[in-house]
Amino acid sequence: MKTPEKEIHTRLQAAIFKGKTSLLQVKRGFENLANREIKKFAKSPKSNNLQKIAESKTELWTEAGEAEKFLLAGKVQNLRLAIQKLNGLEIPANQIFSFWKHLGKANRFNGYVVGRELREGCIVPNIGGGLCQISNALYDAALQANFEIIERHAHTQVIAGSLAEKGRDATVFWNYVDLRFRSSNAFQIEARMDANHLYVRFKSDKKIQKPIQISRNGDKNAHNIGSCATCGDETCFRSLKPNDEIKFGKTAFLVDEFSPEFDQYIQQKRVEKDVLLLPIDGKRFKKANYAWTAFPQTKQSFLTTIIRSYKSRKLASQGASRQNNLLEMSQKLAESYAKSLTYDATHLVIQQNLLPFLWKSGHLGGRTFDVLMTALPMKNLQERLDFAKNLHPESETLGDFRAESWLIEAENEALKEARKIVTSHTEIATLFPDKTELLNWKLPQKRAFRKAKNDKFTIVFPASTVGRKGVYELREAIRDLDVKLIILGGELEGKDFWDEFDVEKGGDNWLEIADLVVLPAFVEHKPRRILQAIANEIPVVVSKACGLENIIGVEVIKIGDAYELKKIIEKHSSKNIEERSTTAEFEHSSFATKQFQ
């Protein structure tokens, strides 16, 4: 028996197919204009009052060898764009949902890329390829919810592992092959991706009745389908050559404010094909706050950064307006980075301030990602501030800002999905014990200076006078002690806060005059001045919130514990007085000896 010859696709066949589809698209376009039932619906905020009535979960990275994975990456990128259009849609009762009405045409202009498409018995590369996975999921969920199916088209062939094997598939092709359904009750569509799965959920305020038995064509057998990425038949014009393939699986590092710990970490982890997304080249433009070590592949958000720099000059020194402006700036930078992300970046390493915005916009779906963390999660941060505010209700700064609930929720969801948390901050590390990579703090270079001889035991407080830095605890601890306090910042808790205390505003010489550096903070994410003190072997007392546990020369106290702080200050003060007394006796003895000689 003669083996059937493999079908070879020709450019003529493709041209004929294109001609036919164009006619059908024009025809369907006129029909849609005349059909007043086909409408575009608005999105509504996520509601906790709605209950799930159906859910479809499907795998993203399936049945593909290495040569074909770049097509899967393209499919996932197309699904990201589709999710942005569909997630949150509110479909009124008895109204028809149309897939293409809400997605629009899947072309390069709308951001779609080359993905996998099943056509003429083969998996072919095509712009917008892979959208059938979400139309399949919508149809599957619609069946579960007993919706009325207005229009649905099955695939002509079945890919192993797809919903088509269960007869729950719905192929789509702009715009004449559509998926349409409706419900007698209003419902909301939720669509999202994690690193490995696509989820489509329908939610409503009304429960569905007992499922109606609907014929679903039974189970279908999967076909052995060829792929243009692997068939190797160079006589077919669709066959991809090796040089057509994109470098698959690169990592993109998305950073903002410079951190020496993170810079060293990134340089240890990156490989040649990876890309660094940064505000501007800080080393080239001599901007220390962006002085990241560059990659061969680097992308800057120059315009966004220039605008942010201009706005930063007008920021208030404290308060809700400052925090809101900082969040807005982080959002703008995240949006700029998202535009630069290519779909072959399958793993991201993201600085924390960018995380909730990238999560909310769906750019982390279908990717693994790690988070570079310097701050407490906003949920924990606000709980800490509430705790401090209860201790000190008179504070003018502890209650002035709280983030919006959607931002907190987005950050929490993203942190749960993150593959790894990377931090030097020991308190942050304890929040994620199963997935934290704890880095060592990078100490600055030791400075050469002559230690000053102080008349009084001198404490340096390396921050502004704000409640979250523990100024109320410090004030209580030094009350009735004969000490001098040096403050390295503004007085934001009121001009009379330090009345009756020996307090001075410090300058650049603070390391020379410090007998003890104290920071009993409720919140401290970047203890750079403390690290300077440690590097110069100056005794340090900090709270657990500073993230500096298990470092030689650092004493750690409980957060908000003024009594423990007072005891430690008294201990260091007494020791300092003894040392000064011993030094004075030695100098007096030396002077007397010289006089005698």
Side-chain angles (χ1 to χ4, degrees), residues 251-271 274 276-295 298 348-355 370-377 418 420-433 435-449 460-463 469 488-489 508 510-512 514 516-519 521 523-556:
T251 296
F253 295 85
L254 285 63
V255 298
D256 191 2
E257 185 179 351
F258 177 77
S259 158
E261 294 84 14
F262 293 154
D263 187 58
Q264 184 178 63
Y265 172 81
I266 289 171
Q267 291 301 319
Q268 291 171 348
K269 295 295 181 181
R270 74 173 183 89
V271 297
D274 293 341
L276 175 69
L277 278 63
L278 76 169
I280 60 171
D281 188 339
K283 290 189 174 180
R284 178 182 175 187
F285 294 102
K286 298 182 180 179
K287 299 291 184 181
N289 54 330
Y290 301 132
W292 298 92
T293 303
F295 290 14
T298 300
L348 305 181
V349 178
I350 311 162
Q351 208 150 349
Q352 181 183 1
N353 62 309
L354 308 170
L355 181 68
D370 303 333
V371 185
L372 306 175
M373 289 191 71
T374 57
L376 290 172
K420 186 189 298 183
I421 303 298
V422 183
T423 187
S424 300
H425 199 289
T426 52
E427 187 186 21
I428 295 171
T430 61
L431 300 176
F432 307 94
K435 58 182 180 181
T436 292
E437 183 169 350
L438 184 62
L439 308 180
N440 292 324
W441 288 103
K442 194 172 177 63
L443 296 180
Q445 189 173 2
K446 185 176 181 179
R447 283 173 51 179
F449 60 84
V460 171
F461 178 72
K469 299 302 179 183
L488 303 184
D508 293 337
W510 66 274
L511 286 170
E512 301 170 25
L516 180 67
V517 178
V518 176
L519 188 60
V523 177
E524 179 54 62
H525 298 145
K526 301 170 187 175
R528 294 295 166 195
R529 283 174 171 158
I530 296 293
L531 293 173
Q532 283 183 285
I534 295 169
N536 287 276
E537 300 177 359
I538 298 171
V540 166
V541 183
V542 297
S543 69
K544 183 180 178 181
C546 294
L548 294 166
E549 293 188 83
N550 305 317
I551 297 178
I552 295 174
V554 177
E555 293 182 80
V556 180

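All residue numbers in this chain count up from 1 along the given sequence.
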Can Ile538 and Leu516 be said to form a side chain to side chain contact (heavy atoms under 4.5 Å, CB included), step by step?
CA-CA 6 Å; Ile538 298 171; Leu516 180 67; 6.0 Å; no

Counting N and O atoms only, with roles assigned by atom type, does the side chain of [X] sit under 3.5 Å from a partner on the main chain of [Y], one being a donor and the other an acceptor?
{"X": "Gln352", "Y": "Thr374", "result": "yes"}
{"X": "Glu261", "Y": "Ser424", "result": "no"}
{"X": "Thr436", "Y": "Leu438", "result": "no"}
{"X": "Glu524", "Y": "Leu519", "result": "no"}
{"X": "Ser543", "Y": "Ala521", "result": "yes"}
{"X": "Asp370", "Y": "Val349", "result": "no"}
{"X": "Asn536", "Y": "Arg447", "result": "yes"}

Look up atom [atom1] in [X] and atom [atom2] in [Y], then write down how far apart they are to the nearest 0.5 Å.
{"X": "His425", "Y": "Lys544", "atom1": "NE2", "atom2": "NZ", "value": "10.5 Å"}
{"X": "Ile350", "Y": "Met373", "atom1": "CD1", "atom2": "CE", "value": "12.0 Å"}
{"X": "Arg529", "Y": "Leu488", "atom1": "CZ", "atom2": "CG", "value": "5.0 Å"}
{"X": "Phe285", "Y": "Ile280", "atom1": "CZ", "atom2": "CD1", "value": "6.0 Å"}
{"X": "Thr430", "Y": "Glu549", "atom1": "OG1", "atom2": "CD", "value": "8.0 Å"}
{"X": "Leu372", "Y": "Leu355", "atom1": "CG", "atom2": "CG", "value": "10.0 Å"}

When you compare the side chain of [Y] with that of [X], does any pair of heavy atoms fall below 4.5 Å?
{"X": "Thr293", "Y": "Ile266", "answer": "no"}
{"X": "Leu548", "Y": "Pro527", "answer": "yes"}
{"X": "Lys287", "Y": "Phe258", "answer": "no"}
{"X": "Val542", "Y": "Val556", "answer": "yes"}

Looking only at non-hydrogen atoms, find the nearest pair between [X] and [Y] and report the distance.
{"X": "Leu443", "Y": "Ala535", "answer": "CB-CB, 4.3 Å"}
{"X": "Ala545", "Y": "Val523", "answer": "CB-N, 4.1 Å"}
{"X": "Leu276", "Y": "Ala294", "answer": "CD2-CA, 4.2 Å"}
{"X": "Trp510", "Y": "Val517", "answer": "CZ3-CG2, 4.0 Å"}
{"X": "Lys442", "Y": "Arg528", "answer": "O-NH1, 4.3 Å"}
{"X": "Phe432", "Y": "Ile421", "answer": "CG-CG1, 3.8 Å"}

I'd like to know whether Gln351 forms a side chain to side chain contact (heavy atoms under 4.5 Å, CB included) with Phe253, so could you lay out the CA-CA distance, the side-chain angles of the two residues, the decisive distance to 0.1 Å, and finally the verdict.
CA-CA 8 Å; Gln351 208 150 349; Phe253 295 85; over 6 Å; no

Begin from the C-alpha positions of Ile534 and Trp441 and carry the test side chain to side chain contact (heavy atoms under 4.5 Å, CB included) through to its verdict.
CA-CA 11 Å; Ile534 295 169; Trp441 288 103; over 6 Å; no

In terms of heavy-atom contacts, does [atom1] of [X] have more than 12 from other residues, nucleotides or ligands at under 6.0 Å?
{"X": "Arg284", "atom1": "CZ", "result": "no"}
{"X": "Lys435", "atom1": "NZ", "result": "yes"}
{"X": "Lys420", "atom1": "NZ", "result": "yes"}

Do Arg270 and Phe295 meet the cation-pi criteria used here (NZ or CZ under 6.0 Å from the six-membered ring centre, within 45° of the axis)?
yes

Determine, step by step, whether Tyr290 and Asp256 satisfy the side chain to side chain contact (heavy atoms under 4.5 Å, CB included) criterion, reporting the C-alpha distance in whole Å, the side-chain angles of both residues, the deciding distance to 0.1 Å, and the verdict.
CA-CA 7 Å; Tyr290 301 132; Asp256 191 2; 3.7 Å; yes

